[in-house]
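One structure is given here, and the rest of the page talks about it.
Positions are given from 1 along the sequence. Note: hydrogens, waters and symmetry copies are ignored here, and every other heavy atom, side chains too, is used.
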Amino acid sequence: MISEPAAPLTFPRWANKALVLVVLTIAVSLTYLVVFLIYLFAPGTQRVGYAPIQPVPYSHAQHAGLLGMDCRYCHNTVEAAAFAAVPQTSTCMNCHARILPESEQLLPVRQSYATGLPIPWMKAHDLPDFVYFNHSAHVARGVGCVACHGRVDKMDIVSQVEPLTMGWCLDCHRGPEAYLRPPTEVTNMAYVPAQNQLTLGAELRRRYDINPSEDCSTCHR
């Protein structure tokens, strides 16, 4: 008896292995995407709460809070440059040549002053290299230090309190009224507006013609 020829295959046999490979690829890709998004938006990734231990235990609560020192005495480029300079050791010694001149905690400061070698301060707020931020542009228009840095005047160890993400920055650019204050009050950590903040912010935005850019090239140059 002659058997009938087998029906031709619709797909080649290797298609079964290819299907398994495609399913595995999709599963791995989705898993990677979920893990990446969780990592991306995690507070640790955004450095919220990051508080590096400095080589000298400098207390902003003591200097900016209790003593009322203006932020610009140490960060003296903030009104004219894109960056807020870390003070030179000579700035520290303007006071500490007479105040606690023999303190063990200030030994690294005295050594730096004597040798000319800088103190290796650690950045608490460190944006990625692909992000451009201009301090002077914000300070001159009335964005207070506290808007980005929090109540530094209450911190013994400075920590990052805001995520500093692109979305966080864009929220401010799209609605600056919530953050604007008179430029004379930018370093006043305890500033409280005498009127509704949004009303004041809208008035200041009109007065100073503030229209923050949302173009990518503003921050990514």
Side-chain angles (χ1 to χ4, degrees), residues 33-55 58-61 63-65 70-87 119-183 185-193 197-198 201 204-205 208 210-221:
L33 179 61
V34 170
V35 172
F36 174 78
L37 291 175
I38 292 174
Y39 177 78
L40 179 64
F41 292 104
T45 305
Q46 298 172 3
R47 293 166 56 101
V48 172
Y50 175 60
I53 302 300
Q54 302 293 350
Y58 180 90
S59 170
H60 279 76
H63 292 77
D70 191 294
C71 306
R72 293 164 294 192
Y73 180 74
C74 296
H75 305 292
N76 55 17
T77 63
V78 73
E79 293 180 297
F83 60 95
V86 174
I119 299 171
W121 299 107
M122 300 285 291
K123 283 187 175 182
H125 303 80
D126 192 11
L127 294 177
D129 292 340
F130 55 81
V131 177
Y132 174 78
F133 178 84
N134 189 317
H135 274 84
S136 65
H138 292 76
V139 169
R141 293 304 183 94
V143 178
C145 304
V146 70
C148 299
H149 298 292
R151 290 300 301 269
V152 175
D153 60 321
K154 295 185 176 182
M155 300 180 188
D156 284 315
I157 300 176
V158 172
S159 64
Q160 181 175 317
V161 298
E162 300 292 351
L164 308 183
T165 59
M166 184 172 71
W168 181 82
C169 294
L170 282 172
D171 285 343
C172 183
H173 276 223
R174 290 165 180 159
E177 295 86 354
Y179 306 96
L180 295 175
R181 59 176 65 185
E185 301 290 341
V186 292
T187 63
N188 182 358
M189 295 286 174
Y191 170 76
V192 177
Q197 174 60 49
L198 294 180
L204 292 171
R205 184 174 186 178
Y208 296 109
I210 298 174
N211 295 293
S213 173
E214 296 179 38
D215 190 275
C216 299
S217 63
T218 301
C219 301
H220 304 293
R221 302 183 175 185

So which heavy atom on [X] is nearest to which on [Y], and how close?
X      : Y      : value
Glu162 : Trp168 : OE1-NE1, 3.2 Å
Val86  : Trp121 : CG1-CD1, 3.2 Å
Ala51  : Ile157 : CB-CG2, 4.0 Å
Gly150 : Met155 : C-CE, 4.4 Å
Val139 : Val186 : O-CG1, 3.4 Å
Thr218 : Arg221 : O-NE, 3.3 Å

Counting only N and O atoms by type, is there a donor-acceptor contact under 3.5 Å from the side chain of [X] to the main-chain atoms of [Y]?
X      : Y      : answer
Glu177 : Gln197 : no
His60  : Asp156 : no
Arg72  : Thr187 : no

### Query
Between Ser217 and Asp215, do the side chains contain an N or O donor and an N or O acceptor separated by less than 3.5 Å?
yes
Do [X] and [Y] touch side chain to side chain, with heavy atoms closer than 4.5 Å?
X      : Y      : result
Tyr208 : Pro183 : yes
Arg47  : Asp126 : yes
Pro87  : Asn76  : no

### Query
Would you call the rings of His63 and Tyr58 parallel, tilted or perpendicular, where under 30° means parallel and over 60° means perpendicular?
parallel
### Task
For the pair His173 and His138, name the ring-plane relationship: parallel under 30°, tilted 30 to 60°, perpendicular over 60°.
tilted
### Task
Could you give me the CA-CA distance, side-chain angles and deciding distance for Asn211 and Arg205, then say whether side-chain contact (heavy atoms from CB on, under 4.5 Å) is met?
CA-CA 8 Å; Asn211 295 293; Arg205 184 174 186 178; 3.9 Å; yes
### Query
Do Arg181's NZ or CZ and the ring of Tyr191 fall within the cation-pi criteria of under 6.0 Å and 45°?
no
### Task
Would you sort out whether Val143 and Leu180 count as a side-chain contact (heavy atoms from CB on, under 4.5 Å), showing the intermediate values?
CA-CA 5 Å; Val143 178; Leu180 295 175; 4.1 Å; yes
### Message
Could you go through His149 and Val161, starting from their C-alpha distance and side-chain angles, then the distance that decides it, and tell me whether this counts as side-chain contact (heavy atoms from CB on, under 4.5 Å)?
### Response
CA-CA 6 Å; His149 298 292; Val161 298; 6.0 Å; no
### Task
For Cys71 and Met189, run side-chain contact (heavy atoms from CB on, under 4.5 Å): C-alpha distance rounded to whole Å, both residues' side-chain angles, the deciding distance at 0.1 Å, then the answer.
CA-CA 10 Å; Cys71 306; Met189 295 286 174; 3.8 Å; yes
### Query
What is the distance from atom CG of Leu170 to atom SG of Cys219, rounded to the nearest 0.5 Å?
7.5 Å
### Summary
In this structure, SG of Cys169 is separated from CD of Glu214 (nearest 0.5 Å) by 12.0 Å
